[in-house]
Amino acid sequence: MDTEKLGIKVIPRHVAIIMDGNGRWAKLHDRPRIFGHQKGVERAKEASEFALEVGIEVLSLYAFSTENWARPREEVEFLMSLLEDYLQRELPNMLNKGIRLHPIGRIHELPRATREKVEETARATSKNDRLILNLALNYGGHAELVDAFRVLAHRVAEGELQPQEIDEALVEGCLYTRGQPPPDLLIRTSGEYRISNFLLWQTAYTEFYFTPVLWPDFDRGEFLKALLDYQKRERRFGGV
Ligand code: IPE
Ligand code: IPE
Ligand code: MG
């Protein structure tokens with residue numbers, strides 16, 4: 001894609017998105033919440049294809065948080081089956097385009113059929129290298145850090161590691177996103193100004209972009225707006 005034509009001069013390596021507002025979008029259209037989730041899935045596909053075309057290396061999409069289990073059982077079940085169908089349907093396209101599905105979160109706690117579909121898709125796409133799609137499922141920033149600390153504590157208990165040897169690189173190496181660049185840009189739709197437990201460690205120096213647009217309306221044009229806004233930012237990383 002001719003990114004220059006679009007006005008893109010700086011391409012972030014890693015973009016993270018909190019895809020929020022499906023329920024409100026459905027309400028606005030007098031439809032049940034699940035209708036918003038269906039539309040939202042199509043936007044997730046659009047966002048990943050746009051990211052790939054623009055040359056973004058990693059796209060992290062927040063699809064289901066550790067807190068989302070608090071929703072009505074029917075909604076949770078619908079989201080899980082929506083995800084399974086989507087992965088089933090999208091596999092050929094991911095293989096064709098070079099998209100690697102990399103699930104992040106406590107995948108082992110997902111319902112069995114969902115977990116199997118997620119793991120199968122991750123395996124099938126593991127050699128793809130044009131875009132890493134971090135799909136956050138049963139993901140929580142706190143849970144991710146707890147998991148990392150448990151691994152480190154275990155290594156200390158085994159005598160492999162001294163507590164004073166624990167540094168930032170070792171913690172980073174235990175995250176679900178190990179080896180990836182941290183997000184340069186985090187987008188949140190639907191007008192909420194919060195992080196909702198997403199990528200807490202990784203977003204230390206991320207630029208934030210908040211938009212009132214509801215996720216089912218977040219199209220390529222909206223994604224482009226976020227990228228154009230991002231490139232105006234001056235990132236200092238604590239320097240001058
Ligand atoms: C985001 O939309 C999708 C998920 C969290 C799964 P919501 O379902 O949170 O929609 P709103 O925020 O209620 O409008
Ligand atoms: C954040 O949205 C999680 C996902 C987009 C998956 P929520 O709708 O769950 O967040 P809160 O409850 O508004 O903070
Ligand atoms: Mg929400």
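Both counts, for ligands and for their atoms, begin at 1 and track the order of listing.
- Remark: the backbone N or O of Ile132 is not paired with any side-chain donor or acceptor of His102 at under 3.5 angstrom.
- For atom 3 (C) of ligand 1, the closest non-hydrogen atom of the protein is Asn22 ND2, 3.5 Å.
- Within Asp20, OD1 is the N, O or S atom that lies nearest to the Mg ion (ligand 3).
- Under 4.0 angstrom from ligand 1, there are no non-hydrogen atoms of Ser65.
- In terms of protein heavy-atom proximity, atom 14 (O) of ligand 2 is closest to Ser196 OG, 2.6 Å.
- Below 30°, between 30° and 60°, or above 60°: for Phe64 and Trp69 the angle between ring planes is above 60°, a perpendicular geometry.
- The single protein non-hydrogen atom nearest to atom 7 (P) of ligand 2 is Arg71 NH2, 3.9 Å, given as residue, atom name and distance.
- Considering backbone and side-chain N/O atoms, Gly23 comes within less than 3.5 Å of an N/O atom of ligand 1.
- Residue Tyr193 is grouped with residue Ile18 when hydrophobic side chains (ILVMFWY) are merged at heavy-atom distances under 4.5 angstrom, including chains of intermediate members.
- In this structure, Ile104 is not a member of the same hydrophobic cluster as Trp201, with clusters built from ILVMFWY side-chain heavy atoms closer than 4.5 Å.
- Atom CD of Glu168 has 12 or fewer heavy atoms from other residues, nucleotides or ligands within 6.0 Å.
- What sits closest to atom 6 (C) of ligand 1 on the protein, heavy atoms only, is Ala63 O, 3.3 Å.
- Distances from atom 10 (O) of ligand 2 to the heavy atoms of Glu67, Arg24, Arg188, Arg194 show the closest one on Arg188.
- Judged by the shortest distance from any of its heavy atoms, Gly21 lies inside the 4.0 Å radius around the atoms of ligand 1.
- By the 30° and 60° cut-offs, the orientation of the rings of Tyr62 relative to Phe198 is parallel.
- Within the 3.5 Å criterion, the main-chain N or O of Tyr230 finds no donor-acceptor partner in the side chain of Arg233.
- Of all protein heavy atoms, the one closest to atom 9 (O) of ligand 2 is Asn68 ND2, 2.9 Å.
- Neither the backbone nor the side chain of Lys27 comes within contact range of ligand 1; no heavy atom lies under 4.0 Å.
- The protein does not reach atom 12 (O) of ligand 2 closely, with no heavy atom under 4.0 angstrom from it.
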**Request:** Under the side-chain contact (heavy atoms from CB on, under 4.5 Å) rule, what do Arg188 and Arg194 come out as? Steps first, then yes or no, please.
**Result:** CA-CA 8 Å; Arg188 182 172 190 144; Arg194 56 177 172 261; 3.5 Å; yes
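- Counting atoms of ligand 2 from 1 in the listed order, those under 4.0 Å from a heavy atom of Phe64 are 6 (C).
- When each atom of ligand 1 is checked for a heavy atom of His37 under 4.0 Å away, the hits are 3 (C), 8 (O).
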**Request:** Given side-chain contact (heavy atoms from CB on, under 4.5 Å), test Phe50 with Met1 step by step and report yes or no.
**Result:** CA-CA 9 Å; Phe50 186 67; Met1 181 192 276; 4.0 Å; yes
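- No donor-acceptor distance shorter than 3.5 angstrom exists from the side chain of Tyr139 to the backbone of Glu144, with no hydrogens or angles considered.
- Given atom 5 (C) of ligand 2, the protein heavy atom at minimum distance is Met19 O, 3.4 Å.
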